[in-house]
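Worksheet: one structure, shown below.
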Amino acid sequence: MIDPAGPSPRPEPWTLAIGPGARLDRLGPWLAAGRPDAATGGPDAIDALTDWDDLISTFPETGRLVVDADTLSDWDGGRIEAFLAAHPTWHLHLCGRDSTRSATRRLLARDRSGWTPWPPDLDALEDFLRDPAGTSASPASIAPRETTPEASGAQSFGGEAPPRATDPAPPAEAAPGSSAPPEATPRLDPKVRAEIETILERPAVTTPSPTPPRAEPAAPAAYFRRQVADLADIAQRLRFSLARCRATGEEEGPPETAALADLEAELLRLQQFTRTLGFTASPPPRGDQTLDLRRLLEEQLASLTADGPRPTTHLAAGEALPIAGDKALLAQALDAVLFLALSTTGAEGILRIEAAADGSRARVSLAFPAGPLAGLDPAAILEPYGVASLLPELGPNALAAARGIARGQDGSLSLSAGPEDHLIWILELPLAE
């Protein structure tokens with residue numbers, strides 16, 4: 001961290017993040033020394049990233065990321081794209097001598113991305129320190145700059161080349177009432193103009209219709225950033241595990257069991273995370289297996305309590321509850337539901353479960369002590385990452401995925417507050433015909 005700012009009176013603080021690399025490390029002290037005060041639009045903090053893993057850290061809603069494009073690999077570009085997807089209002093600024101690299105081209109194609117040849121001039125350094133919230137989607141200060149043929153042969157990606165620094169500025173219009181002579185502009189003879197407009201069958205004077213305002217895209221949910229960051233983290237760990245396997249094979253022959261075990265664990269984690277994320281976004285279709293919901297509930301409860309202390313459980317279930325659905329998916333949903341209940345109940349608590357038919361539907365209710373979740377909004381608990389800090393063993397998307405699974409099976413799953421700091425799960429599924 002270079003010169004972190006103290007508390008800022010600005011309602012929306014922003015951060016200038018400087019990517020890793022020897023060249024950009026030299027920029028940090030200069031930018032910190034020339035940084036304007038936050039109250040006048042300067043960054044509230046300047047972060048010097050040691051590696052791309054630092055992008056997983058918490059950043060404010062607005063900011064600017066400066067990157068050395070000449071050192072970017074395609075993998076690094078993917079990490080940056082994941083970060084920008086999670087922070088859609090951030091601006092990206094790439095510096096370098098070659099804008100034709102594949103990772104650089106992909107990043108420059110994004111909105112709010114710009115290019116500056118290396119080394120940056122004073123104007124570019126001042127641009128880095130300007131509040132990105134006060135710039136338009138394609139401000140001149142962060143637009144790709146044209147380089148000379150001696151530099152890198154960088155090309156514009158917008159269809160037209162941006163103005164060179166040596167190009168003359170367009171003449172400014174004279175202010176109303178000024179004595180400056182108007183610029184000589186060729187004008188059509190009024191009679192010729194009228195004849196052309198008659199041929200085109202349009203009125204002589206047209207008033208352009210106002211452009212309707214563009215609707216701002218809806219901001220992603222707060223947990224979306226953490227989901228993207230987790231996916232990026234898992235992918236990075238997989239890369240390291242694979243590199244370890246390769247290095248072990250080159251130096252010592254066949255990969256060590258520990259290296260393969262690490263890789264297998266990360267692959268399993270990635271598979272589980274993406275599966276639950278998919279269930280959250282789109283409920284899976286209903287299966288056609290016929291099974292006993294009461295028996296499935298007992299099996300999942302026994303599985304979760306096999307290796308640890310089991311709380312006192314009062315299970316009230318009468319006859320079998322035949323349902324039609326996907327057994328594997330329903331087992332996964334019950335696993336998340338029971339894990340939450342057992343984790344907060346503890347070895348000394350009491351878990352009360354009732355399962356019975358209610359008309360054409362099977363209804364299961366689980367009442368359990370809220371424990372560390374006491375006082376939390378049940379709706380917030382069900383959101384991705386709602387209890388990630390309190391129950392890290394439970395997947396961050398597990399409860400949201402369980403609700404998605406229930407909906408996909410034509411059922412419902414809800415969590416509500418009960419008396420005496422208790423929480424109550426209600427699962428309903430249609431009975432088999």
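With rounding to the nearest 0.5 Å, the separation of CZ in Arg64 from CG in Asp131 is 8.0 Å. In this structure, the separation between CD1 on Ile18 and NE2 on His93 is 12.5 Å, given to the nearest 0.5 Å. Rounding to the nearest 0.5 angstrom, the gap separating the CG atom in Leu366 from the CD1 atom in Ile353 is 4.5 Å. In this structure, CG on Leu94 lies 5.5 Å from CG on Leu107, to the nearest 0.5 angstrom. Taking OG1 of Thr104 as the reference point, atom CG of Asp68 lies at 9.0 Å (rounded to 0.5 Å). For the atom pair Thr312 OG1 and Arg352 CZ, the distance stands at 9.5 Å (nearest 0.5 Å).
Between Pro132 and Trp90 there is no side-chain heavy-atom pair separated by less than 4.5 Å. Using a 4.5 Å heavy-atom cutoff, the side chains of Phe83 and Leu92 are not in contact. Residues Arg23 and Asp70 form a side-chain contact, since some pair of their non-hydrogen atoms from C-beta on lies under 4.5 Å apart.
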Just do the side-chain contact (heavy atoms from CB on, under 4.5 Å) check on Leu413 and Leu382 with the steps written out, would you?
CA-CA 10 Å; Leu413 176 64; Leu382 292 176; 5.9 Å; no

One pair to check against side-chain contact (heavy atoms from CB on, under 4.5 Å): Leu315 and Leu297. What are the steps and the verdict?
CA-CA 10 Å; Leu315 175 59; Leu297 182 63; 4.3 Å; yes

For Leu49 and Leu65, what are the C-alpha separation, side-chain angles and deciding distance, and is it a side-chain contact (heavy atoms from CB on, under 4.5 Å)?
CA-CA 10 Å; Leu49 308 180; Leu65 175 62; 4.1 Å; yes

Which is it for Trp425 and Phe368 under the side-chain contact (heavy atoms from CB on, under 4.5 Å) test, yes or no, and what are the steps along the way?
CA-CA 9 Å; Trp425 280 116; Phe368 56 98; 3.3 Å; yes

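When all heavy atoms of Pro60 and Pro13 are compared, the closest pair comes out as CB-O, 3.6 Å. Nearest heavy-atom pair across Trp14 and Phe128 is CH2-O, 3.5 Å. A pairwise comparison of heavy atoms in Ala69 and Trp115 identifies CB-CZ3, 3.6 Å as the closest pair. Of all the heavy atoms in Pro43 and Leu129, the pair that sits closest is CD-O, 3.7 Å. Of all the heavy atoms in Leu423 and Ala417, the pair that sits closest is CD2-CA, 4.1 Å. Shortest non-hydrogen contact noted between Pro378 and Leu415 is CB-O, 3.3 Å.
Applying the 6.0 Å contact sphere to CZ of Arg110 captures more than 12 heavy atoms from other residues, nucleotides or ligands. Surrounding CD of Glu354 are at most 12 heavy atoms belonging to other residues, nucleotides or ligands under 6.0 Å away.
Residues that satisfy the side chain to side chain contact (heavy atoms under 4.5 Å, CB included) test with Glu428, not counting sequence neighbours, are Arg361, Arg363, Ser412, Ile426. Partners of Asp76 under the salt bridge (charged side-chain N to carboxylate O under 4.0 Å, His left out) rule, at least two apart in sequence or in another chain, do not exist in this structure.
No donor-acceptor pair closer than 3.5 Å links the side chain of Arg106 to the backbone N or O of Gly77.
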List the atom pairs, donor and acceptor, that lie under 3.5 Å between side-chain atoms in residues 323-344 and the rest of the protein, sequence neighbours left out.
from: Asp326; atom 1: OD1; to: Ala328; atom 2: N; distance (Å): 3.1
from: Asp326; atom 1: OD1; to: Leu329; atom 2: N; distance (Å): 3.2
from: Ser343; atom 1: OG; to: Phe339; atom 2: O; distance (Å): 2.7
from: Thr344; atom 1: OG1; to: Leu340; atom 2: O; distance (Å): 3.2
from: Thr344; atom 1: OG1; to: Ala341; atom 2: O; distance (Å): 3.3
from: Thr344; atom 1: OG1; to: Pro369; atom 2: O; distance (Å): 2.9

